[in-house]
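To keep things clear, I will list the structure first and then write my remarks on it.
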Amino acid sequence: MKHNSVSAVINLVEPWEKLEPLTQDRPVGTLPFGGRYRLIDFPLSSIANAEIQNVMIASPRSGRSVSDHIRSGNDWNLDTIRGGLFNFPYNDLSLIAPEKKETLIHHYYDNAILFLKRSNSEYTVVMGTRNICNIDLKALLRYHKERDNRVTTVYKSVSASEIKPTNTVLQLTENGMATSIVEASKTIPSSEGKLAKDLNIYLMSTVDLIDILNEANQRGDLISLERLMKQAVIQHNANAFEYTGFFANIHDISSYYKASMSILHEDNFRALFYSQRQIYTKVKNEIPTFFAKSSQVKGSLCGTGGYIEGKVVNSVIFRNVFINRNSLIKDSVIMQGTRIGVGTTIENAVIDKNVVIGPNLELKGTADDPLVIGKGKRIFRQAEVTNE
Amino acid sequence: MTEKNEMLAIILAGGQGTRLGKLTKSTAKPAIPFGGRYRIIDFTLSNCANSGIDTVGVITQYQPLELNAHIGNGSSWGLDDQNGGVTVLQPFSSSEGEKFFEGTAHAIYQNIEYIDQQNPEYLLVLSGDHIYKMDYGAMLEYHKAKKASLTVGVIPVTMEEAKRFGMMNTDETDRIIEFEEKPEHPKSDKASMGIYIFNWPTLRNYLTTSFTTNKTLEDFGKNVIPMYLANNESTYAYAFDGYWRDVGTIHSLWQANMEFLSPHNSLNIGDRNWRINSKAQVLPPMFLTNTSNVNNSMIVDSCYVAGEVDHSILSQRVSVGTGSRIVDSMIMPGATIGKNVVVDHALVGEEAVIGDGAEVKGTDKDIAVVGYGEVVGVKKS
């Protein structure tokens, strides 16, 4: 075992139902975010910045969109002769036929155990992707080693008013230990009105993690890795590491939309993308974005490869987006490859990839209930505009 | 010897580019940024990859650091496959002495060992400082069909322009019968593009003979082509009629950038069937603030715009402060432009800093230049 070496497990089996239709063809982890990223880029970048080179990715289904995005892992320094990237598809138990499930009992965690044993690492960090943050995993490891508990988990201190009663938070003891992870409604905010929003990040020794998985195999458990991690927090108590940087939790359309709008604030944008720890993503060779004579772009983020003739205000525009003249895009997210027709108005909307919106239409949601148009849709008549 | 490689490309990227003045003081001309997210050599490298050439040697000499870092292992252009790759060829010393390059043909001679290793049938010689899209495969087909010993790429120019180029006078079969360097009274409109396909064994023979005896074959234009014509080698002109620009001067570099801004530019940079690739950096998206005003311009990743940008190109990591106005200009990567600055008809070098309230103004005839890392108008505290 190599001293101080760390492996990482990214668990893409995350709740996706409330993010439909954005999650119809992709796990939460490959949801586009911030003009050119996917949610998985944030944990992968934290991993790359901590020089971790042994990574397992557990996908719910085939992992097509995951492999397409990550390929060899080269963009996160994972294309290496030591360790590297290991993809494990089909981890969503709800998709597995009952007779097949039978055969998984006592073997469901075999792949993860094998990965961890072969990693030869001393520690392992288990992360999801729905909590956007830019965390220093080296600092987390130092924190863990300075304390006695077998598990360290991570939280961000947020005002109780900022989170929904169904969001999960850490229950902390007076000396800052986490005893469990519960719904916000089942706990009491601190005297300052703060709650410890859990970031679904767990660090422990690789040997301990292997034990947890072996025991689950022996019991014949068929439960998600995330649930096992939560059980481990209850069982062992955990050190609770406070994260203080940019944070957004993506659990439904509204939270996705609000997180997208929040990075249009320059402070948030800089905190997430211009810290000492860079955010990496799949490298793309796009041409520069052309802003035509008639274009008016204010307070917005834009990816490359675009062609903009219309007016864009307070919006996130991804790569290769074509916005025709006399159109207005306001308080919206327009994903890669989408085309907006002449004279069309879009407000408070999330438009997925490769959508074509015809001319002279109105697509309007509200700040609390944004209009969502699913991937690849073609909309040419006002009657076709429906919130999915 | 290894298996025969049909055509090897050699890019001559060693020139100093003195006519680019301040811009090439610390970098080679082919490494100069172009069009917001490219460097000049990207066009030639992408043309090679798109033409199906998998082995490319890049000959460097003058200030090669930035160019080497840019080219890397060639993977940015897909030139890193198992059977080929990009090799950066720099002068080296051997038991015969130091191998600095005295001229274009001499540079090929000095790298004869590398070329022999690749064992090509045809040698494609290119320069790394032109902006164009060209299928070298089609040129090779032409070379074979003509049973040529040498084929020279030519482009039509006006009689006025012809006085600045090496001009090829041809017969009705496009065979070159005469070559004139910068003629006072041009006889044809066919200017050499500095693109040559040679039958390698023939050229190898000529070069070896020359450099072991009288050393008269230093330069392709000045020496090699006249000698081929004198020896009655079958030498043909291959006419190219697409967009092609020599960006060897400040004005031509600025002009080509301004042409690049036009959505109707015949270079057609957006054509996905002939992509121009570059070393891609992972940078955050561009951020345009509430005070920005951008028209007729191209902007790329990691730019921050709080001012006005009109008919200009901003490269990666450029920031433009509030109240500033950038007009008819090309700003190279990493330049910082403060508040209330005017930049008009200018080329601004990489990592330059233009202080608050400063003015950098050129004219159509006389483009202003800010050098790499140059600091303008910042009061020393």
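None of the values given here were measured: they were computed from a predicted structure. A, B, ... follow the sequence lines: proteins, then strands. Residue 1 opens every chain.
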Checklist entry - D301(B), V309(B), I269(B), V300(B): which one forms the most heavy-atom pairs within less than 4.5 Å of chain A? => result D301(B)

Checklist entry - Within the side chain of D42(B), is there an N or O that forms a donor-acceptor pair under 3.5 Å with the backbone of Y38(B)? => result no

Item to check | S315(B) portion near chain A, given a 4.5 angstrom heavy-atom threshold | outcome: neither

Checklist entry - To the nearest 0.5 Å, how far apart are CD1 in I367(B) and CG in L253(B)? => result 10.0 Å

Checklist entry - Checking heavy atoms, do the side chain of L301(A), its backbone, both or neither come under 4.5 Å from chain B? => result both

Item to check | Interface residues of residues 302-326 of chain A facing chain B - heavy atom cut-off under 4.5 Å | outcome: C302(A), G303(A), T304(A), Y307(A), N320(A)

Checklist entry - Does V333(A) offer a backbone N or O that forms a donor-acceptor pair with the side chain of S260(A) under 3.5 Å? => result no

Item to check | Per-residue contact mode, E266(A) against chain B (heavy atom under 4.5 angstrom) | outcome: both

Item to check | Aromatic ring proximity, centroids under 6.0 angstrom, F260(B) and F34(B) | outcome: yes

Checklist entry - CG of D356(B) to OG of S324(B): how many Å apart, nearest 0.5 Å? => result 7.5 Å

Next on the checklist: Please evaluate residues E259(B) and L267(B) with respect to the criterion side-chain contact (heavy atoms from CB on, under 4.5 Å), reporting the C-alpha separation (whole Å), side-chain torsions for both, the decisive distance (0.1 Å), and the verdict.
Outcome noted: CA-CA 9 Å; E259(B) 288 167 1; L267(B) 184 64; over 6 Å; no

Checklist entry - Once the angle between the rings of Y304(B) and F287(B) is folded into 0 to 90°, is it parallel (under 30°), tilted (30 to 60°) or perpendicular (over 60°)? => result parallel

